[in-house]
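For ligands, and for the atoms within them, numbers begin at 1 and follow the listed sequence. Bear in mind the structure is a predicted one, so any value in this text is a computation, not a measurement.
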Amino acid sequence: MNSVDQLFASDVFNDDVMQQRLPRDTYRLLKKTIDQGKRLDPQVASVVAHAMKEWAIDKGVTHYTHWFQPMTGVTAEKHDAFLTPVDQGKVIQSFSGKELVRGESDASSFPSGGLRSTFEARGYTAWDPTSYAFIKDHVLCIPTAFCSWGGEALDKKTPLLRSMEALSRQAVRVLKLFSRDASRVLPTVGPEQEYFLVDREMYLKRTDLIFTGRTLFGAKPPKGQELDDHYYGAIKPRVQAFMRDLNDELWKLGVLAKTEHNEVAPSQHELAPVFNVVNVAADHNQLTMEIMKKVAEEHGLVCLLAEKPFEGLNGSGKHNNWSMMTDTGYNLLEPGNSPYDSAQFLLFLCAVLRAVDDYQDLLRVSVSSAGNDHRLGANEAPPAIISIFLGTELTDILQAIESGTPYEGHGNEEMTVGVHALPKFPRDNTDRNRTSPFAFTGNKFEFRSLGSSASISDCNTVLNTIVAESLSIYADELEGAKDFQAALHDLIVREIKEHKRIIFNGNGYSQAWVEEARQRGLHNLPSTVDALPSLLDEKNIRLYEKHKIFSSAELHARYEIELEAYNKVLHIEADTMLTMARREIMPSVMRFAGSLAEGAGKIKAYAPSLTCTPQEKLLKKVTELLQEMDSAVDTLQQLISHVPASTVLEQSRYLHDQVIPAMSAVRAPADRLEEICDRSAWPFPTYADLLFDA
Ligand code: ADP
Ligand code: MG
């Protein structure tokens with residue numbers, strides 16, 4: 001098989017396979033479940049399970065797994081063979097409807113944030129029939145959600161599915177007002193994934209890469225990304241071979257891998273799929289990250305998904321392109337051609353403005369992690385302040401509507417909602433500001449603050465929920481209106497007035513914006529530790545409870561889990577740093593210093609009249625830096641051994657305020673030592689080795 005047509009989705013139990021393999025009635029009922037979220041009859045599930053098993057066995061599969069996304073942010077699977085013993089030592093291969101629909105899982109070793117002590121330790125996985133089953137490594141994988149027996153979400157998919165329901169419910173209410181006959185609205189997402197590739201041999205010599213996924217030491221190489229010669233540059237043969245295999249693997253799984261190119265930093269690349277319904281997009285993005293790692297190994301490479309693998313070079317993020325689509329295929333963020341379509345577009349646009357303005361903090365929380373703290377606000381990724389870029393044209397139009405004044409680009413006519421159509425927005429006008437965290441790009445919004453390793457479920461759960469909230473408020477208001485047109489116009493004018501502070505088209509990297517944002521009253525939550533407490537703000541708990549996304553207990557659990565994860569990452573990084581400093585860098589530098597002294601001594605013994613100034617100068621510098629490093633190591637050790645036994649938030653705060661600066665203090669002399677020590681004395685590959693070799 002080499003044609004993409006044949007390869008594509010060849011390992012997926014998709015609609016085609018269902019039609020071929022399922023009895024007609026079963027297919028119809030399953031389709032109803034998939035398209036309309038109807039409950040699946042257990043008997044139908046048995047028939048589906050049988051067909052799935054037969055299909056999988058034909059493809060050499062022996063095991064199945066409920067594939068899920070616990071709070072670790074990576075996927076989890078436990079394989080069970082189809083094998084079942086029957087009489088006289090014989091076996092058959094079976095897979096029941098029950099096994100397809102629900103799995104029992106010991107939840108006790110997954111993060112549960114205290115839900116475990118309150119409720120049962122066991123959890124269960126429940127089939128998500130809207131995401132197709134697939135075969136990976138000879139295992140039939142059933143995409144599932146993971147809950148406790150009490151029904152509390154223990155994963156990232158359950159809240160995402162709940163938020164999709166909430167958004168659909170509210171959006172359909174609003175569409176009814178426009179006499180649209182959509183019965184469901186689906187959030188669509190295309191996540192652009194950035195990553196680094198480094199040589200595996202080199203990688204294995206770096207303790208920091210192995211344990212933390214990013215470098216904790218490393219002097220700047222003579223050349224980094226300053227020449228901008230890597231972005232969109234010709235792809236090296238080894239990387240090209242990797243991309244080819246990666247595409248094949250992803251295509252087999254039905255992942256719509258579409259665009260690939262080199263990114264800004266050396267050895268950095270990007271892959272973008274064609275957008276999909278968000279729960280499928282989330283499953284596919286998890287698969288993409290997993291397969292990237294696997295295929296890289298096959299090519300003697302390692303794929304780094306850390307947000308900031310190399311200091312001084314751009315880190316990796318993920319752009320989350322988000323929109324809403326009706327089940328009839330209409331994109332609700334498409335400005336439309338007629339005045340009526342434009343009015344509807346403006347209402348949905350306002351829903352996003354309001355949502356992002358009222359819940360900036362939740363969006364910020366959804367992208368926060370120890371790794372992403374190194375990127376946000378570092379002039380390579382959006383600032384930590386959340387704002388919306390609309391482009392001048394659309395902003396001018398909103399302004400004209402708000403003030404009831406003529407819009408110049410429109411023949412100097414007054415813009416009245418429902419009476420005038422919006423002009424077309426050429427893509428170029430809307431996609432130029434790369435400094436904005438949340439940009440309108442013609443027919444969708446692009447949320448650019450996500451870290452490269454993040455699960456896209458988190459931010460999309462927030463997006464779906466907060467836009468559902470705006471839409472529910474609009475529907476409440478407009479459903480009772482006597483004159484819909486007039487009420488709509490007034491509502492849009494009011495919403496623009498109340499939420500325009502969130503619109504910012506300027507340079508998000510500038511210091512002036514920080515000040516202006518403060519004056520506008522926007523949140524500025526620079527780090528994970530600053531952001532996470534917002535999760536438990538009363539207004540946020542109310543929002544999540546209203547739309548049945550999270551209970552208060554679930555939110556508290558998530559808050560604990562996120563902070564604990566932050567603390568663990570920092571502990572691991574600090575310990576790794578100490579190990580490398582004490583067992584790798586300092587001994588090597590000491591040996592080097594010793595060799596300098598010895599060499600100088602030999603020269604002097606050979607001819608006392610000769611001077612050894614360069615050796616002595618270097619020796620002095622080296623020993624000074626070694627001294628500095630030694631005391632920084634002691635300080636870091638002291639701090640990490642005395643993390644206060646208090647709340648998890650206080651611990652995070654301590655790690656952020658005390659330990660991170662202490663880590664920088666260890667790194668600084670080490671990086672200067674790297675620059676002056678003999679190349680052969682350095683104990684592990686440098687940035688130059690890692691970045692310019694693959
Ligand atoms: P870029 O210039 O950022 O590469 P593209 O137009 O190629 O922009 O789109 C980037 C991503 O946005 C792709 O994954 C694409 O599939 C996705 N996308 C396009 N339309 C939509 C939509 N309506 N909803 C969600 N994502 C979309
Ligand atoms: Mg983009």
note = atom 12 (O) of ligand 1: of T259, N321, N320, the nearest heavy atom sits on N321

query = Between the side chains of S453 and E307, is a donor N or O closer than 3.5 angstrom to an acceptor N or O?
reply = yes

request  = Answer with side chain, backbone, both or neither: which part of H319 has a heavy atom less than 4.0 angstrom from an atom of ligand 1?
outcome  = neither

query = Any idea which atoms of ligand 1 are less than 4.0 Å away from a heavy-atom of E192?
reply = 3 (O), 4 (O), 10 (C)

query = Backbone or side chain, does any N or O of T188 fall under 3.5 Å from an N or O of ligand 1?
reply = yes

R520/E516 salt bridge by N-O under 4.0 Å criterion = yes

inquiry  = Please check: side-chain N/O of S368 versus main-chain N/O of T528, any donor-acceptor pairing under 3.5 Å?
reply    = no

message = Below the 3.5 angstrom mark, is there an N/O of F275, backbone or side chain, next to an N/O of ligand 1?
response = yes

query = Does the T288 side chain pair with the main chain of H284, one donor and one acceptor, at a distance under 3.5 Å?
reply = yes

request  = Mark up the atoms of ligand 1 that fall under 4.0 Å of a heavy atom belonging to V274, in ascending order.
outcome  = 16 (O)

message = We want to know whether T158 and D155 form a side-chain donor-acceptor pair, criterion being a heavy-atom distance below 3.5 angstrom.
response = yes

ask   = Which of the atoms in ligand 1, numbered in the order shown and given with their element, are less than 4.0 Å from a heavy-atom of N331?
value = 23 (N)

key: Test item: side-chain donor near acceptor, N279 and T130, under 3.5 Å   = yes

message = Any nitrogen or oxygen of P273 lying under 3.5 Å from a nitrogen or oxygen in ligand 1? Just yes or no.
response = yes

